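Residue numbers start from 1 in every chain, and the chains themselves are labelled A, B, ... in the order their sequence lines are given, proteins ahead of strands. Please read these numbers as outputs of a predicted model, since none were measured by experiment.
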Amino acid sequence: MDKLTVAQARLESAIGKIVLLQGWVRTRRDSKGGFSFLELNDGSCQGNVQVIAEAALPNYESEVKKLHTGCSVSVEGLVKASPAKGQATEVPATKITVHGWADADAYPIQKKGATFEFLRTISHLRPRTNTFGAIARVRNCVCKSIHDFFQEQGFLYVHTPIITASDCEGAGELFKVTTLDLAKAPLLPSPPGGEGSGVRGIDFHQDFFAKPAFLTVSGQLQAEIFACALGKVYTFGPTFRAENSNTPRHLAEFWMIEPEMAFYDLDDNMSLAEAFIKRIIKDALDRCPDDMKFFQERIDKEILARLDGILKSDFLRVPYTEAIDILQKSGQAFEFPVKWGMDLQTEHERFLTETHFKKPTILFDYPRAIKPFYMRVNDDGKTVRAMDVLVPGVGEIIGGSQREERFDVLEGNMKEKGLNLAHYQWYLDLRRYGTVPHSGFGLGLERTLLFLTGMANIRDVIPFPRTPGNAEF
RNA sequence: UCCCCGAUAGCUCAAUGGUAGAGCGAGCGGCUGUUAACCGCUAGGUUCUAGGUUCGAGUCCUAGUCGGGGAGCCA
């Protein structure tokens with residue numbers, strides 16, 4: 001007897017085998033003939049195996065007829081071709097063992113219509129639904145695809161720290177990491193001048209790391225250290241933002257991929273980003289065809305056409321200045337008027353990629369004033385070698401840049417932005433000793449999944465979403 | 001954080017200020033291979049919480065909690 005997954009048992013090649021199947025009952029249908037059909041799922045694929053439970057089974061009346069959604073069972077039987085439509089194989093059971101009941105009155109998941117909002121309140125049970133099973137499998141596929149893509153090209157996977165003492169680049173609010181008892185936090189001595197002359201801050205010298213520490217908002221600066229030693233590297237790990245954002249596109253804890261490459265200029269960076277996105281799409285379509293078909297049929301009727309369109313098109317590369325020109329001449333009534341020097345709003349980005357160009361678009365050479373200190377300054381002195389990759393349906397999916405490799409220019413940028421140079425000497429050392437032109441970008445895993453699956457809310461493409469006011473499960 | 005909307009049976013939703021309902025799910029019965037099976041019957045409610053207006057509140061008012069959409073921030 002072979003122990004098969006549901007995915008294996010659904011294949012015609014399984015016909016003739018005596019098998020053991022184990023999983024959860026999705027539905028039971030009683031036939032007019034006095035026997036029952038069980039739909040069995042074990043998470044190995046989107047589809048179920050149809051199990052035939054004859055009345056002759058010793059526990060037919062006592063147990064089988066009481067099975068319903070959520071019960072766990074083992075089934076033994078001979079796989080045969082199914083005479084009816086809907087499945088290639090089916091398994092007439094010779095034995096059915098019930099492992100766990102699921103009280104139908106209390107079990108919250110049923111055959112029909114639950115909203116994603118409701119399922120979010122039962123995150124411990126929602127992986128048992130079609131949609132969340134499909135998301136889990138596609139998410140897994142994307143993660144493998146990311147590693148495959150970089151490993152095949154000789155990138156090194158680098159683990160950058162999750163706890164960091166550098167409030168790098170001011171990329172959003174940080175979560176503080178401390179072992180201090182906040183109710184009894186040690187205070188700094190009163191400043192000179194006596195009582196009331198100043199604020200008595202918390203004395204972080206007495207904290208675990210002897211200084212304020214945070215959860216990382218980006219592994220980029222540390223990735224640069226390794227790129228400037230080993231060539232091509234990437235990070236892939238959790239990232240934290242303490243921003244009070246309540247939107248379908250933001251999480252307090254999410255996963256980010258950040259490649260960083262020595263001797264790559266911005267054009268190389270763009271080419272890599274384009275190939276990377278296409279590879280993820282292609283792998284998802286090739287390796288998860290049933291799940292992708294499910295998203296097409298049940299979640300977003302245009303998802304396959306949109307992904308196919310992205311695979312077939314060359315990404316446009318448009319300078320920021322030209323994009324501003326296009327927006328100003330578009331005749332569109334934007335809520336935020338367009339003028340050179342401003343950061344583009346969501347409405348502008350979506351107009352460009354969805355209405356005007358109708359294809360993935362990479363905008364580059366943004367105004368220096370609205371971008372971080374580490375981006376390479378162009379010869380015009382007004383713009384930097386930044387890039388944003390915009391895709392129809394989602395908007396910005398990648399942000400990246402060529403990094404400033406010239407010591408003097410970088411130091412000047414840091415002073416201009418008011419950074420404390422003492423905290424960044426190690427970063428400046430990368431330019432002080434053997435500096436190289438280099439580039440990189442960041443891609444949010446969950447945003448990628450949104451655009452891949454057509455799901456509308458980022459809280460539904462991560463197993464356990466963390467958002468303001470919610471850290472359940 | 002700001003603006004708008006919502007909360008009624010296990011789930012999805014109805015209900016002019018006047019007796020709280022339906023579909024699905026569940027239980028029981030029926031039906032000779034079903035595919036979100038089908039047919040009949042039954043059970044199932046602190047209408048989010050706390051106040052208020054009213055003869056009377058699911059419905060109107062105030063505050064709060066939770067959720068959704070949009071904006072900002074960003075990935």
Worksheet, complete the sentence: Here the distance between atom P of B:C11 and atom CZ of A:R120, to the nearest Å, is 16 Å
Item to complete: May I ask you to say what A:Y107 touches in the nucleic acid, namely base, sugar-phosphate or nothing, with a heavy-atom cut-off under 4.0 Å?
Response: nothing
Discussion item. Regarding A:E258, tell me which of base, sugar-phosphate or nothing describes its non-hydrogen contacts under 4.0 Å with the strands shown.
Written reply: nothing
Worksheet item: Nearest of B:U35, B:G67, B:G72 to any side-chain atom of A:T346?
Response: B:G72
Discussion item. Once you apply a heavy-atom cut-off of 4.0 Å, does A:D30 come out as touching a base, just sugar-phosphate, or nothing?
Written reply: base
Item to complete: Could you tell me whether A:Q87 contacts a base, only the sugar-phosphate backbone, or nothing, with contacts defined as non-hydrogen atoms closer than 4.0 Å?
Response: base
Practice prompt. Remember a base hit wins even if backbone is also touched, and classify A:A104 as base, sugar-phosphate or nothing at under 4.0 Å, heavy atoms.
Written response: sugar-phosphate
Discussion item. Looking only at the side chain of A:H68 (C-beta and beyond, no hydrogens), which of the listed nucleotides B:C24, B:G33, B:G27 gets closest?
Written reply: B:G27
Worksheet entry | Proximity to the side chain of A:F336 - top-ranked nucleotide from B:A71, B:G67, B:G68 | B:A71
Fill in: Candidate nucleotides B:G68, B:A37, B:C11, ranked by approach to the side chain of A:T27 - the nearest
B:A37
Response to the item:
Pairing partner of B:A75, by Watson-Crick or G-U wobble and under 3.5 Å for both distances, is none
Worksheet item: Under a 3.5 Å cut-off for both distances, is B:G6 Watson-Crick or wobble paired, and to whom?
Response: B:C66
Practice prompt. With heavy atoms under 4.0 Å as the rule, sort A:T115 into base, sugar-phosphate or nothing.
Written response: sugar-phosphate
Response to the item:
If pairing means Watson-Crick or G-U wobble with both distances under 3.5 Å, then the partner of B:G58 is none
Worksheet item: Among the nucleotides B:G69, B:A71, B:G25, which one has an atom lying closest to any side-chain atom of A:Q110?
Response: B:G25
Fill in: Options B:G33, B:G70, B:G68, nucleotide nearest the side-chain atoms of A:P248
B:G70
Practice prompt. Would you mind classifying the nucleic acid contact of A:R298 as base, sugar-phosphate or nothing, using non-hydrogen atoms under 4.0 angstrom?
Written response: nothing
Practice prompt. Output yes if the stacking criterion (under 5.5 Å between centres, under 30° between planes) is met for A:F254 over the base of B:A75, else no.
Written response: yes
Response to the item:
Looking only at B:G69, B:A75, B:G33, the nucleotide nearest the A:Q50 side chain is B:G33
Worksheet, complete the sentence: Between CG of A:L119 and P of B:G10 the distance, given in whole Å, is 17 Å
Worksheet item: Side chain of A:A114: nearest nucleotide among B:A75, B:C11, B:G68?
Response: B:C11
Worksheet item: Taking N and O atoms by type only, does the side chain of A:R29 place a donor or acceptor under 3.5 Å from a partner on the base of B:C38?
Response: no
Practice prompt. Identify whether any heavy atom of A:P83 sits under 4.0 Å from a base atom; if not, whether one sits that close to sugar-phosphate; answer base, sugar-phosphate or nothing.
Written response: base
Item to complete: Write down the distance between CD1 (A:I109) and C1' (B:C24), rounded to a whole number of angstrom.
Response: 16 Å
Practice prompt. Could you give the distance separating B:C5 and B:U42 at their C1' atoms, to the nearest angstrom?
Written response: 38 Å
Fill in: Distance in angstrom units between A:E61 CD and B:G29 C1', rounded
13 Å
Worksheet item: Ion pair present between A:D460 and A:R126, side-chain N to carboxylate O less than 4.0 angstrom?
Response: yes
Fill in: A:R137/A:D290 ion pair, N-O < 4.0 Å
no
